[in-house]
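Step one of this worksheet: look at the structure below.
We use all heavy atoms of the structure for the numbers below, so side chains are in, but hydrogens, waters and symmetry mates are not. Lettering of chains follows the sequences in order, A, B, ..., and the numbering in each one begins at 1.
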There are 2 protein chains.
Amino acid sequence: MPDTLSQTFSALADPTRRAMLARLSKGRANVSDLARPFLREMSLPAVTKHLKVLEKAGLVTKTREAQRRPCALNSRPLKDAAAWMEHYRQFWEESLDRLDAYLKTVTAKQKAQGKKRGRQS
Amino acid sequence: MPDTLSQTFSALADPTRRAMLARLSKGRANVSDLARPFLREMSLPAVTKHLKVLEKAGLVTKTREAQRRPCALNSRPLKDAAAWMEHYRQFWEESLDRLDAYLKTVTAKQKAQGKKRGRQS
DNA sequence: CGGTTAATTAACTTTATGGTTAAATATAGG
DNA sequence: CCTATATTTAACCATAAAGTTAATTAACCG
């Protein structure tokens with residue numbers, strides 16, 4: 001599936017890759033910098049592969065500098081993915097809305113009742 | 001990888017599953033409702049499998065009602081995923097900042113130069 | 001040139017994904 | 001009980017993903 005959103009989400013669906021993005025969010029880093037935290041868990045080629053997934057998804061841009069390959073975060077796909085999620089925001093805020101609505105009916109009733117009772121915690 | 005974020009992103013990394021979520025965002029639907037738009041592209045069992053992925057990721061809640069299995073959207077994992085993305089917001093807003101900064105220097109220079117030239121395309 | 005550092009490619013293995021068809025299960029209803 | 005509807009399970013296949021080790025490429029440096 002070559003659609004962009006799928007590629008983006010797919011690239012994000014791995015903790016190693018997310019950690020690499022987190023590292024890049026603190027500044028450029030070349031491959032071995034990015035690899036260092038993971039070299040006890042996996043080999044360098046494995047990291048190269050993860051990086052390639054991030055590149056193909058357009059989340060990372062790799063440049064050349066002598067033997068180094070400095071990488072940088074490219075947030076455009078993240079922006080698009082976040083925009084997709086935005087459609088659903090109402091759903092995770094809904095519970096708050098419901099609480100809000102509930103509180104309004106409660107206070108409305110209290111007003112209708114007059115000031116029989118004091119405020120509750 | 002049983003970590004929640006990975007499961008969420010992984011579940012989102014498929015257009016069929018995203019479409020199913022979109023459908024559920026418009027209200028409850030049972031399996032055959034969810035399947036209908038895809039039955040020319042894939043079989044019912046394939047849909048069941050996608051649904052299972054969404055369930056395991058906690059994005060969909062399936063209940064029972066006679067032979068039907070009404071499904072509902074559960075946005076909690078989306079909320080968490082969106083929260084993760086939020087860390088990167090500054091990066092996709094940064095380019096605007098840079099453009100902004102650039103435009104400011106440009107207009108500053110134009111002012112400094114006086115009105116020697118007209119606007120460029 | 002020859003060695004060292006940085007990163008990639010090749011070849012291969014294992015496991016996960018996404019799909020198929022055919023059979024099974026669950027429930028309503030005559 | 002029998003049948004139709006709704007959905008799942010089983011068994012299987014093809015391809016992709018994630019990792020490995022060993023070999024290769026690229027560039028600097030003395």
D:dA18 phosphate, OP1 or OP2, under 4.0 Å from A:R17 side-chain N/O:
yes

Can you tell me how far the CZ atom of B:R76 sits from the NZ atom of B:K79, to the nearest 0.5 Å?
6.0 Å

Phosphate-side-chain proximity, B:R68 and C:dA26, N/O vs OP1/OP2 below 4.0 Å
no

Under the side chain to side chain donor-acceptor pair (under 3.5 Å) rule, collect the residues that match up with B:Q67, sequence neighbours excluded.
none

Which whole-number value in Å describes the distance from B:F9 CZ to C:dA16 C1'?
20 Å

Taking side chain to side chain donor-acceptor pair (under 3.5 Å) as the definition, give me every residue that meets it alongside A:K62, ordered by chain and number, with sequence neighbours left out.
A:E55

Does C:dT17 have its OP1 or OP2 closer than 4.0 Å to a side-chain nitrogen or oxygen of B:H50?
no

Could you tell me which residues satisfy salt bridge (charged side-chain N to carboxylate O under 4.0 Å, His left out) with A:K56, sequence neighbours excluded, listed by chain and number?
none

Atom of A:W84, atom of B:L78 and distance for their closest heavy-atom approach:
CZ3-CD2, 4.2 Å

Nearest heavy atom decides the nucleotide; on that basis, is A:A46 or B:N30 closer to the 5' end of DNA chain D?
B:N30

With sequence neighbours excluded, residues passing side chain to side chain donor-acceptor pair (under 3.5 Å) with B:E65
none

Side chain to side chain donor-acceptor pair (under 3.5 Å) filter on B:R36, not counting sequence neighbours, yields B:D33

To the nearest angstrom, how far is B:F38 atom CZ from C:dT20 atom P?
13 Å

Closest of D:dA27, C:dT27, D:dT20 to the A:M42 side chain is D:dT20

Just how far, in rounded Å, is C1' of D:dA18 from CG of A:L12?
17 Å

Test: salt bridge (charged side-chain N to carboxylate O under 4.0 Å, His left out). Region: residues 19-29 of chain A. Which pairs qualify, not counting sequence neighbours?
none

Would you say A:S32 places a side-chain N or O within less than 4.0 Å of OP1 or OP2 belonging to C:dA6?
no

Give every pair of a protein N or O atom and an N or O atom of nucleotides 8-11 of chain C that lie under 3.5 Å apart, one pair per line with the distance.
from	atom 1	to	atom 2	distance (Å)
C:dT8	OP1	A:K62	NZ	2.7
C:dT8	OP2	A:T48	OG1	3.3
C:dT9	OP2	A:K52	NZ	2.5

Collect all protein-nucleotide pairs involving nucleotides 28-30 of chain C in which both atoms are nitrogen or oxygen and the distance is under 3.5 Å.
from	atom 1	to	atom 2	distance (Å)
C:dA28	O4'	B:Q67	NE2	3.2

Taking salt bridge (charged side-chain N to carboxylate O under 4.0 Å, His left out) as the test, write out the residues that go with B:R18, two or more places apart.
A:D3

Whole Å only: how far is the CZ atom of B:R40 from the P atom of C:dT20?
14 Å

Taken to the nearest whole Å, CG/A:L34 to C1'/C:dA6 is 13 Å

d(CG, B:D14; C1', D:dA17) in whole Å:
15 Å

